[in-house]
Amino acid sequence: MTAPIEPIGYDPSAVESRWRQRWAERGTHRTDLARGKDPFYALMMFPYPSAEGLHVGNLFAFTGCDIYARFQRLQGHTVFEPLGYDAFGIHSENFALKVGKHPMQLIPSNIANFRRQLDRAGLMVDWAQSVDTTDPAYYKWTQWVFLQLYKQGLAYKKAAAVNWCPSCKTVLANEQVEGGHCERCGTLVEQRFLEQWFFKISEYSPRLLKNLETLDWSETTKQAQRNWIGRSEGARLRFRVLDPLTDAGSAAVSVTTELKMDTAEVEVFTTRPDTIFGATYLVLAPEHPLIDTITTPTQQSAVDAYRARASKQDLVTRKTSKEKTGEFTGAYAANPATGELIPIWIADYVLMEYGTGAIMAVPGHDERDFEFATAFDLPIVRVVAGEGQTARTPFDGAAYVGDGVMVNSEEFDGMPVAEAKKVITEWLESKRAGKSVTNYRLHDWCISRQRYWGPPIPIIYCDSCGTVPVPESQLPVVLPNIPDFKPDDSGISPLARHEEWYRVPCPSCGKKARRETDVSDTFLDSAWYFLRYPSVGRDDVAFDAATTKKWLPVTTYIGGNEHAVLHLLYSRFITMVLHDMKLLDFEEPFTKFRAHGLIIREGAKMSKSKGNVVNPDEYIDAWGADSFRTYLMFLGPFEEGGDFRDSGISGVKRFLDRLWASVRDCTSEGTPDPEVMRKLHATIKKVGEDIPALSYNTAIAAMMEYMNTLRKGERAAHRAEVEPLVPMVAPFAPHITEELWEMLGHTTSVMDAAWPTFDASMLVSDTIELVVQVGGKTRGKLVVPKTITQDEAFAAAKAEPSIGKFITGEPKKVILVPGRLLNVVV
RNA sequence: GCGAGCGUGGCGGAAUUGGUAGACGCGCAGGACUUAGGAUCCUGUGCCGAAAGGCGUGUGGGUUCGAGUCCCACCGUUCGCACCA
């Protein structure tokens, strides 16, 4: 980096340390939660306190939020701006494993380091209301949240697949699987079924989707949630399985009469019920429970082998590999539309967790089915004809997925696809072969982690009473400090190795029982933390009713779009559940959400391997926090991020130096310059509009522009010209502006000053600069009265030689845009 | 593959409803003050051209008196999601 040889202008380190101290002494950043008027809850996503310390990305986000919050305070709101630490989870645990330290040792020192760095950044954070998710006083209530869901029947246990490393004998998160191999030992990862706790978030799909319409959120974030929830309309259709022993191969069998009532049925979900006449086979997911019943003896061993292979494959590669594999079960089902027998296959391109885990394959009109049918030589029938196609148009190596009319579909031939969807579904419904349904992609939230570094799930298993929730009075279930927190070859959860911990009496019958040894997902810690901040200190409740009513929902939430889906969706879900329990009077936690951009450097993402990581400490040492903050906001639109360059920061420092000098040298004698005052009012207006729109870069540019006007030709500013600028700069550069505010004779914090108001009458002028175009090309400009008419403007343009010379002959047309422009068409 | 966004000087980036393209900053050039300047201040700075003038917002079309902005096609790039039936 290019550090300055010596700081010029004002000395940031002296000013900044002085004000940090005064803020602490005076409690400038404390929020009067009980009595504050006009509450404004400005929330930023809390960080994971890594050992590397604060990242510029964190600081960029926090500064952006802080500016917004400070602006709201200057507007007269009582602002609450809390910050805490999201310190549980696999990141901390993996790092602890790597450096061979215990997370219980590591996290407090990481937090202390973060706090030191955050303090230097000049954030208006009320540290008295902080949270640390690893503090038992916090996770007591995380466990309480779990119990509320359990009470509502929204927490349940079921077996689900996890990535399993047979060599490390441990569960791996998806990000620990690299190309199907364990990132630690390189062994091929398998999947394994474990009993895990789930939250029924899928029940809330329609509400989570519908409420999005009412939220003031970044459109990209809303769209990401919509995609994730994945609503699709279609139908569930039932296919009767024929008894393979009696009917296999006899394609002429009439399906309607000869079937017994107890015959198995395959239910599929499809968004294209219209193509039922083209369904030439069925496919079940390898995990489908019906496979055992329907597979014929001759196919049994092949099917078993395929299922074994599918289960060996790890979850990541299975989902990304596009190659079609499968196996025939030997069984057939009847197509309810055609009555024909179609074979039932199994293949891993069908996912058990979506829809019904089974599909009807329409190879003519679905690319995946087409690939599969081609690979296994299954029949492909056209049932939709597009423009210029007929029932007999051959497929040119690909499925036809476009629009068109039905063909080869008996009485539905000629019907447009959209209409056929409806009509054919109704027809199938009347035949009791299906019904129209809305399906959601969103599946239940697995909150179990077979790990150490998280809050223990507050459940006890008793041989007599079964699953017993830990009574709320016994919370927290404290995570024990065990030295062997590593997942090792002994089995599943590290806590499961500690009998002295998991052996407890049953809370209901007192007999010997056993604790749940899994911990909960980090996303649960962060799904409710915003409820806790205002109620920190209350040991008796998770959140105080009156305080919550006053301060929530969160007024504005600012954070990274990497959490657009999971964190934000989980927070919404938990809030809805608590709302339904009448514990909250709102069901959406974040009224307004804005996603900030990403800071890159020299066009590339910052990463240790590229060696382009910016250490905020260095820059704050060299330039001061005020310059650093302002520079971060100046380098691009906040919502898009920007390119960090060492060279750019000097311009911002110069701006603050010039502000300093202007205040120091300002005079109260004489009168302010009217032109400067006009510019001042225009600047007040512009900055006051830009900040709430998060257009920080243009707000700073406007203030710089004003500074140029103010000091043009080395003039000394009048006090009235420069004083209003101080609170305007304050959100960006809080330390220096406190100092300047004091220099101007004020005894209270600049944050308790009012945002300057602008006088709209100052902005209007009697004359305007009229741009004159001839034939659409700009040829000059004229200073004219605002009320000029078209004829007058034309005459004036013609009279001006530098413009008039382009007006040759009679104009075809003259256009006046009042107050702006005159275009003469020749 | 699907979805969303973005392509503007040497660089980061500005541009109401279509109405002076390049604000602001960096860099660069010239000057002032200086023993000195990598500090500070002032002036200039899209490209070509001596000038007049011409050309310019990824490419090619279109609408319009007028397009960075609107429409169509394409190219490049970034970020999500990814066999979701």
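So that the names make sense, note that chain A is the first sequence line, chain B the second, and so on, each numbered from 1.
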Output the single nucleotide from C65(B), C24(B), G3(B) whose closest atom is nearest the side chain of N227(A). G3(B)
Rounding to an integer number of Å, can you tell me how far E367(A) CD sits from A85(B) P? 13 Å
Could you give me the stems involving RNA chain B, meaning stretches of three or more consecutive Watson-Crick or G-U wobble pairs whose two defining distances are both below 3.5 Å? B:1-7 with B:75-81, B:10-12 with B:24-26, B:27-32 with B:40-45, B:46-48 with B:53-55, B:58-62 with B:70-74
Sequence neighbours left out, what passes ring-ring contact (aromatic ring centres under 6.0 Å, His included) with Y354(A)? Give chain and number order. none
Can you list the residues that meet the ring-ring contact (aromatic ring centres under 6.0 Å, His included) rule with Y204(A), with sequence neighbours excluded? F573(A)
With rounding to the closest Å, how many angstrom separate the C1' atoms on G1(B) and A15(B)? 36 Å
Would R382(A) count as a cation-pi partner of Y400(A), with NZ or CZ less than 6.0 Å from the six-membered ring centre and within 45° of the ring normal? yes
Could you list the residues that satisfy side chain to side chain contact (heavy atoms under 4.5 Å, CB included) with D216(A), not counting sequence neighbours? K592(A), R594(A)
Whole angstrom is fine here: how far is it from CZ in R645(A) over to P in C28(B)? 14 Å
Between the protein and nucleotides 42-49 of chain B, are there any N/O to N/O pairs under 3.5 Å, and if so, what are the atom names and distances?
none

Which heavy atom in T221(A) sits nearest to a heavy atom in A564(A), and how many Å separate them? CG2-CB, 3.7 Å
C48(B) and U35(B): how far apart are their P atoms, nearest whole angstrom? 39 Å
Can you pull out the residues from residues 627-637 of chain A that lie within a 4.0 Å heavy-atom distance of RNA chain B? F634(A), L635(A), P637(A)
G9(B): syn or anti, with syn meaning chi within 90° of zero? syn
Closest to the W228(A) side chain, choosing from A82(B), A85(B), G3(B): A82(B)
Looking at Y10(A), does the NZ or CZ of K653(A) lie under 6.0 angstrom from its six-membered ring centre and within 45 degrees of the ring axis? yes
Round to the nearest Å and state the distance from E640(A) atom CD to C79(B) atom P. 14 Å
Under the rule for side chain to side chain contact (heavy atoms under 4.5 Å, CB included), what residues qualify as partners of P637(A), not counting sequence neighbours? E640(A), N697(A)
For F376(A), all residues meeting ring-ring contact (aromatic ring centres under 6.0 Å, His included), sequence neighbours excluded: W345(A), F372(A)
Tell me, please, which residues at least two apart from F239(A) pass ring-ring contact (aromatic ring centres under 6.0 Å, His included). none
Between atom CZ in R654(A) and atom P in G38(B), what is the gap in whole Å? 13 Å
From A85(B), G12(B), C83(B), nucleotide with atom closest to D348(A) side chain: C83(B)
Nearest to the side chain of V825(A) - G3(B), A23(B), C65(B)? C65(B)
P atom, G9(B) versus G68(B): distance in rounded Å? 14 Å
On the 0 to 90° scale, with breaks at 30° and 60°, tag the F60(A)-F638(A) ring pair as parallel, tilted or perpendicular. tilted
Nucleotide-resolved protein contact map, nucleotides 15-22 of chain B, B/S/- at heavy-atom distance under 4.0 Å: SBB-BBS-
Acceptor/donor pairs from residues 818-826 of chain A side chains to any protein atom, 3.5 angstrom cut, sequence neighbours excluded:
{"residue": "N823(A)", "atom": "OD1", "partner": "G776(A)", "partner atom": "N", "Å": "3.1"}

Below 4.0 Å: OP1/OP2 of A85(B) and any side-chain N or O of R236(A): no
Answer with base, sugar-phosphate or nothing: what part of the nucleic acid does R231(A) contact at a heavy-atom distance below 4.0 Å? nothing
In this structure, how many angstroms lie between the P atom of G80(B) and the CG atom of L568(A), rounded? 15 Å
So N561(A), base contact, sugar-phosphate only, or nothing? Heavy-atom distance under 4.0 Å. nothing
Integer angstrom distance from the C1' of G10(B) to that of U17(B): 35 Å
As a test of reading the structure: which of G3(B), C65(B), C24(B) is closest to the side chain of M704(A), going by heavy atoms? C24(B)
What distance, rounded to whole Å, do you find between the two C1' atoms, one in U34(B) and one in G44(B)? 23 Å
Distance between P atoms of C70(B) and U16(B) (Å, rounded): 11 Å
Are N697(A) and A14(B) close enough that a side-chain N or O sits under 4.0 Å from OP1 or OP2? yes
Counterpart residues, side-chain hydrogen bond (donor to acceptor under 3.5 Å, both in side chains), relative to E675(A) (two or more places apart): R678(A)
Would you call E721(A) and K679(A) a salt bridge, taking side-chain N to carboxylate O under 4.0 Å as the test? no
